[in-house]
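Report on the following structure.
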Protein chains: 2
Amino acid sequence: MQDYKLDEVDMKILERLRYNAKFTLTVLSKELDMPVSTIRYRIKKLEESKVILGYVPLIDRTNLGYKVSLILEIDTIPKYIERVVNEISQFPPTVRVYGVDSGPKLHVHAIFKEEEEAYSFISHRLYNIKGINSVETSKIIRRYKIDPSILL
Amino acid sequence: MQDYKLDEVDMKILERLRYNAKFTLTVLSKELDMPVSTIRYRIKKLEESKVILGYVPLIDRTNLGYKVSLILEIDTIPKYIERVVNEISQFPPTVRVYGVDSGPKLHVHAIFKEEEEAYSFISHRLYNIKGINSVETSKIIRRYKIDPSILL
DNA sequence: ATTGAAAATAAGCCCTA
DNA sequence: TAGGGCTTATTTTCAAT
């Protein structure tokens with residue numbers, strides 16, 4: 001279902017779930033002062049209409065030992081872009097790969113346990129891929145705002 | 001609890017939950033061939049140790065009518081950075097704000113319903129903030145890989 | 001699309017090893 | 001830390017509006 005129009009109730013439910021996807025129907029029912037079955041019906045519709053794509057746990061990379069989080073801007077030779085994307089996406093450190101409109105560029109997020117691992121990844125892995133012109137690297141040093149529910 | 005060491009069981013549980021945070025203990029119990037109570041104990045530990053920070057629904061912005069997703073690189077005058085961060089973070093379109101190591105730069109993700117709204121945001125909102133030198137903009141035109149569970 | 005109630009599942013708690 | 005059993009809570013189904 002595309003372009004499913006959300007009303008205020010849907011928005012309120014989404015808002016609460018974005019805070020905590022584990023709220024029970026009963027809790028939402030009380031908070032929004034609506035019957036449990038109505039809440040359930042709405043959520044099911046949000047899921048079926050693909051407004052809600054799924055549910056995930058938020059994992060803090062730092063508590064898993066991944067100290068280094070990089071943003072990579074990869075300039076790519078146009079005709080190799082699909083190939084570059086495929087190779088990059090398969091590396092475990094890359095968590096997100098986007099195509100952007102400026103130049104034939106890829107915007108990549110990747111996480112590593114140590115600096116050393118990151119540099120090794122860039123020089124040994126990335127620069128070995130045919131079709132990559134250049135890689136600009138930024139390290140994330142501060143998280144000011146995170147709204148993980150919305151997919152870019 | 002910091003630096004909680006994860007064993008293979010923890011990793012397997014995480015892996016399954018990252019695919020779907022709504023798997024019941026019973027389902028995980030069968031998949032991993034372990035008692036429900038053990039699965040429960042492990043997940044609770046992952047939560048208490050802050051490896052799992054919470055649970056969120058994944059929301060597809062496009063199905064909410066947000067067609068435009070921008071990556072903004074904001075060059076900031078060092079002494080104003082906290083102020084800039086506070087102002088930017090309060091705007092509803094900004095979903096993520098990171099500080100990066102290159103220059104006094106902020107890396108911002110923002111979503112908009114239309115192009116017009118995005119340009120208006122940049123010219124009327126961003127450039128009115130004291131302390132911003134320049135804003136480089138990229139529009140996301142393709143999502144190749146998304147791993148939303150891992151926080152950057 | 002909304003609701004209430006019953007039935008089926010699952011989570012939470014406590015105790016033991 | 002792992003496991004089992006009992007109690008409560010939650011989800012699911014279904015019929016009626």
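Quantities reported herein were computed from a predicted structural model and do not represent experimental measurements.
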Report the C-alpha separation of B/E115 and B/K67 in whole Å, then their side-chain angles, then the decisive distance to 0.1 Å, and conclude whether the salt bridge (Lys or Arg N to Asp or Glu O under 4.0 Å) test is met. CA-CA 8 Å; B/E115 295 272 343; B/K67 294 182 198 156; over 6 Å; no
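Partners of A/D147 under the salt bridge (Lys or Arg N to Asp or Glu O under 4.0 Å) rule, at least two apart in sequence or in another chain, are A/R18.
Nucleotides of DNA chain D with any atom under 4.0 Å from a heavy atom of chain A span, from 5' to 3', D/dT10 to D/dT13.
Side-chain atoms of B/K145 and A/T94 form a donor-acceptor pair, as typed in the model, at a separation below 3.5 Å. A donor-acceptor contact closer than 3.5 angstrom links the side chains of A/Y55 and A/E47.
Dashed line: the shortest gap from a side-chain N or O of A/Y41 to OP1 or OP2 of C/dT2 is not under 4.0 Å.
Between B/R125 and B/E87 there is no salt bridge, since no side-chain N of the basic residue sits under 4.0 Å from a carboxylate O of the acidic one. Electrostatic pairing of A/K12 and A/D33 does not count as a salt bridge here, judged by no charged N lying under 4.0 Å from a carboxylate O.
Screening residues 11-53 of chain A for ring-ring contact (aromatic ring centres under 6.0 Å, His included) gives no qualifying pairs among residues at least two apart or on separate chains. For residues 113-152 of chain A, the pairs satisfying ring-ring contact (aromatic ring centres under 6.0 Å, His included) are A/F91-A/F121, A/F112-A/F121, with sequence neighbours left out.
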Protein within reach of the bases, or only the backbone? For nucleotides 9-14 of chain C, mark each nucleotide 5' to 3' as B, S or -, using heavy atoms under 4.0 Å. -SSBS-
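In this structure, CZ of A/R42 is placed 8 Å from C1' of C/dA1, rounded to the nearest angstrom.
Terminal axes of the helix from C/dA1-D/dT17 to C/dA17-D/dT1 (five pairs each, C1' rotation axis) are separated by 30°, to the nearest 10°.
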